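Taking it in order: structure first as structure tokens, then the write-up.
Note that the coordinates shown come from a computational prediction; the quantities given were computed from them, not determined experimentally. Throughout, protein chains are lettered first and strands after them, A, B, ... in sequence-line order, and every chain is numbered starting at 1.
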Amino acid sequence: MKQLQNFTKGIIKENPVYILLLGLCPALGVTTSAINGLGMGIATTFVLLGSNIVVSLIKDLIPAKVRIPSFIVIIASFVTIVQLTMEAYLPDLFASLGLFIPLIVVNCLVLGRAEAFASKNTTLSSIIDALGMGLGFALALVLLGGLREILGSYSLFGYKFIPGDGMLVFVLAPGAFIGMAYLIVLFNYLKKKTS
Amino acid sequence: MAKRESSFVNMVVTLLVITSVASFLLATVYNFTKEPIALAREAMRMEAIAQVVPAFDRLESKRFQSYDGGDSLQFNFAYSGEELVGVAVETYTTSGWSGLITAMVGFLPDGRIVDVVHLHHRETPGLGDKIEKAKSDWSNQFRGIDPRTTDLRVTQDGGDIDAITAATITARAYTEAIQRAFNTLEENFLNEQEGLTQ
């Protein structure tokens, strides 16, 4: 039961983007379309999973004073592995996402979970935490990306349902902030209602 | 939990071990993916070439310096049997809204444009990315034009090319890249060819 809560907390109660306000840089930057958000969410989940596992395994071996540089090296290694693998085997996805992959390193969500969770909990809990948080992050990005794509391009996942150009402001940076603000309101309302 | 003490030796050893393991792992992955990455890039390039020149069965690649002294451009001469059917030029511009744009421009041996496809860009999604064939048919207007008789500038600058609504800078840059391909082709290939026939 506790592990189930551990998993589901990332979706609404501790949604990384809308409640914890972590990882806003990629959340605002890549979400021009739903598919970009999904790709970024999956890539981040993979990195999160890898870094949480490794950090929880070696947490007792790392002296406290050098834990942050150690975590960053581990995370950066996973990001580079994702980048190389994606470019080699999924070149189409890489063409649209490649630019944003290195951004995962500076995503405070990944370092935040390593520092706040994986370095204090068991490996199993850390895996579940990473999956839950990754799911919450992917969901958040798909929601924001979908909202911006619907309003800005009149399409969803590339499928156009109204001809025309849409409200351009939602494709550009200001639309990301506007959309995110309303989603933060929505998630805080949902959080209050469920607790 | 029994954390290791933050003594100088402990810290140095820990960081040394972590960075060594990380570099070894990355080197392994890099070696492992090097070939597939090169193949994927080559496949994308070949696909772009096939889109912009008539059917061919043999390619010869050669690099020429850009007409204005900039970076060299790769020319892919496409042959069907012994006959030259087209030249695909990998061109670039740095004046896009977000910097570098690269494109593959296909020419017939007489200098007319067959088609243009983008290779890489970082233009604004929804606006500047209309240079992509998948997003808009804007770039189809370059099909079949002869850069010697058509003014390769956007209409705002007095040329013959319709710009993209709300992305004039991108359209201007893309057009400039095509002009660069043509000028370099003219300097290195078309002029020589005329010299031969005269």
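Once rounded to the nearest 0.5 Å, the distance linking CD of B:Glu132 with CG of B:Asp129 reads 5.0 Å. Rounded to the nearest 0.5 Å, atoms CG (B:Asp146) and CG (B:Leu152) are 9.5 Å apart.
Aromatic rings from B:Phe64 and B:Phe75 are positioned such that their centres are separated by under 6.0 Å.
Counted by atom type alone, B:Gln65 and B:Ser72 present zero donor-acceptor pairs between their side chains at under 3.5 Å.
With a 4.5 angstrom heavy-atom cutoff, A:Phe78 does not touch chain B via any of its atoms. For B:Ala43, no part lies near chain A; criterion is any non-hydrogen pair under 4.5 Å.
Stacking of A:Arg148 on the aromatic ring of A:Phe170 is not recorded, the 6.0 Å distance cut-off and the 45° axial limit not both being met.
Between B:Leu15 and A:Pro69 the shortest side-chain heavy-atom distance falls below 4.5 Å.
Scanning residues 81-88 of chain A against chain B with a 4.5 Å non-hydrogen threshold yields A:Ile81, A:Leu84, A:Thr85, A:Glu87, A:Ala88, sorted by number.
Pairing each heavy atom of A:Asn36 with each of A:Val30, the nearest pair is CB-O, 3.1 Å.
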